Every structure is written in C-alpha cells, then in structure tokens.
2 protein chains.
Amino acid sequence: MDAADKIAVVEKYVAAFATADMDIIREIYADNARVEDPIGTPVHDGLEAVCAFYEGALKSGAKLALTGKPRCAGNAVAFPFQVNMPGMVIDIIDVFEFNEQGRISSMKAYWGPENIS
Amino acid sequence: MDAADKIAVVEKYVAAFATADMDIIREIYADNARVEDPIGTPVHDGLEAVCAFYEGALKSGAKLALTGKPRCAGNAVAFPFQVNMPGMVIDIIDVFEFNEQGRISSMKAYWGPENIS
C-alpha cells in the first residue's frame, strides 16, 4: 500500500464527516477494526462497534480539517487535524494502521483536555 | 503521569537536540525502551541501542521545532514537529508511550519521503 493510497483514505475520512456519510466509514474500516478514541478509553472492537461510535460522531455535526501533511510509514499513517463542533475545537492526531486489503485495522486518536479550545 | 509531565518530556526531547545532550536522552528513556524511526524499519531495542541511534542523530546537527501542540492521552503523547538538518526539513509525528516511572518505553516516528522538503 503506497503513500498515495493511505492519503486517499485520510481524505475519505475527512469527507465522511463533511457529508455525514456512514457508507464511507464502512468502506474504509476492516471487519475486525479496533478504534481507541482517545487513547486510554475503552476500545470499539469490530466494525459494528466502530460504526456505532461514528454514527454518534457524524450526527454531532463534527467536521475535520487537516492541520499538517499526513505522515506515511510502514503500514500506517499519522495525521494532525482539528475537529470543529458547535462551540468547540479539538486538536487531534490520529494514527491509522492498514491491513493487506488497504482497510483500516486500527485507529488510535491522541487528544486530551489541553487540546480543547 | 499527568499531561504537564508528558509535555515536559517532549520539551526535554527538543532540548536534547538543541544542545546535542545525550544525558537528556539517557534521562528520558527507560532501560527497556524501543524506538522505531520511521515505522516499518528495524527497532532499536534497549537503552544502549537507543542511545547509539541518537548519538548519530544528535551529531548530525538536527534540530527540532514543534509545529503543533502535544496531544496527551492515556500513557502516551503524540506531537507534530519539523526536524531541520542542513539542506533538509522533515515533517514528523512522534508517539511516546511512558512506563510507570514516567520514562519513555516506546517511541514511534511517522514520516516518509513525502514529508521531506
């Protein structure tokens, strides 16, 4: 999986929020995906749990904007972004790991109270 | 370990490069630390291997500058930065994981050819 393919997934992820499109979430995540958002909280384990998590996030009206270039390495990409919600902005770094089919097998989100403004 | 302690380690890390100070590297890393820089390349396993890696990096004259706020979550911190070397700038995201003594047990660096300018 080359860097362009990984960056395309990041762009799809941003588009999923922009258009509140759960079909994109189902397309980019693996069946056995694990999402930990933020790190240190209970993991959403498996595509159905992952989709339940995103259904809430997408309904909240959150929109994403990259704040730097995605960094591609090995089977992963890390990228800095802001999530904009009514009355709140959070600076986050996400790390996606991909399986051999190019789907996200692991998503880890790094952010804390200090990143909310 | 609270966020301020993690951010202080990130600041020490930047200072280690600014002053080419290996003592800081030995102070912030755990004895059993693992460094993968970038992701997908062989791991530097254990403090001596980690120090050998940083001796080269510090001698190269590389200097670090944060390009966004550190993101603290769980036992980890992720932060975006630029490394400046003669004739080259690389945009990187590092993730540190800490042990119970507040030392870095795992460092993972995310960057690729697309991040070099």
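This one's a predicted model, so the numbers in the text were calculated from it and none came from an experiment. Just so we're on the same page: letters track the sequence lines, and every chain starts at 1. These values consider heavy atoms only, across backbone and side chains, with no hydrogens, waters or symmetry-generated copies.
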*Asks:* Minimum heavy-atom separation for A/Ala73 to B/Trp111, with atom names?
*Replies:* CB-O, 3.5 Å

*Asks:* To check you understand the geometry: which heavy-atom pair defines the closest contact between A/Pro80 and B/Ile93, and what is its length?
*Replies:* CD-CD1, 3.8 Å

*Asks:* For the candidates B/Glu114, B/Lys108, B/Glu36, which exhibits the highest count of non-hydrogen atom pairs separated by less than 4.5 Å from chain A?
*Replies:*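 Between B/Glu114, B/Lys108, B/Glu36, the count favours B/Glu114.
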
*Asks:* Which one wins on heavy-atom pair count under 4.5 Å against chain A: B/Val95, B/Asn75, B/Val77?
*Replies:* B/Val95

*Asks:* Which of the residues B/Ala109, B/Ala78, B/Gly112 is involved in the greatest number of heavy-atom pairs with chain A at under 4.5 angstrom?
*Replies:*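 Maximum pair count with chain A is reached by B/Ala78.
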
*Asks:* Step through the shown structure and confirm whether more than 12 heavy atoms of other residues, nucleotides or ligands are within 6.0 Å of NZ on B/Lys63.
*Replies:*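 More than 12 within 6.0 Å, yes.
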
*Asks:* Count I, L, V, M, F, W, Y as connected when their side-chain heavy atoms are under 4.5 Å apart, and connections chain through other members. Are A/Val43 and A/Met107 then in the same cluster?
*Replies:*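 As far as the 4.5 Å side-chain criterion goes, A/Met107 and A/Val43 are not connected within one cluster.
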
*Asks:* What is the minimum heavy-atom distance between A/Ile92 and B/Arg71, and which atoms define it?
*Replies:*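 In terms of heavy atoms, the two residues are closest at O-NH2, 3.2 Å.
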
*Asks:* Quick check on A/Thr41 against chain B: is it the side chain, the backbone, both or neither that has a heavy atom closer than 4.5 Å?
*Replies:*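 For A/Thr41, no heavy atom lies under 4.5 Å from chain B.
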
*Asks:* So what's closer than 4.5 Å to chain A heavy atoms on B/Pro113: side chain, backbone, both or neither?
*Replies:*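 B/Pro113 has no heavy atom closer than 4.5 Å to chain A.
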
*Asks:* When hydrophobic residues are tied together by side-chain contacts of less than 4.5 Å, even through go-betweens, does B/Leu66 share a cluster with A/Leu66?
*Replies:*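 No; tracing contacts between hydrophobic side chains, which count when under 4.5 Å, never links both residues.
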
*Asks:* Which heavy atom of A/Lys69 sits nearest a heavy atom of B/Asn115, and at what distance?
*Replies:*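 Closest approach of A/Lys69 to B/Asn115, heavy atoms only: CB-ND2, 3.9 Å.
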
*Asks:* Following the transitive rule for hydrophobic clusters with a side-chain heavy-atom cut-off under 4.5 Å over Ile, Leu, Val, Met, Phe, Trp and Tyr, establish whether A/Val35 and A/Phe81 coincide in one cluster.
*Replies:*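 Yes: a chain of side-chain contacts under 4.5 Å links A/Val35 to A/Phe81.
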
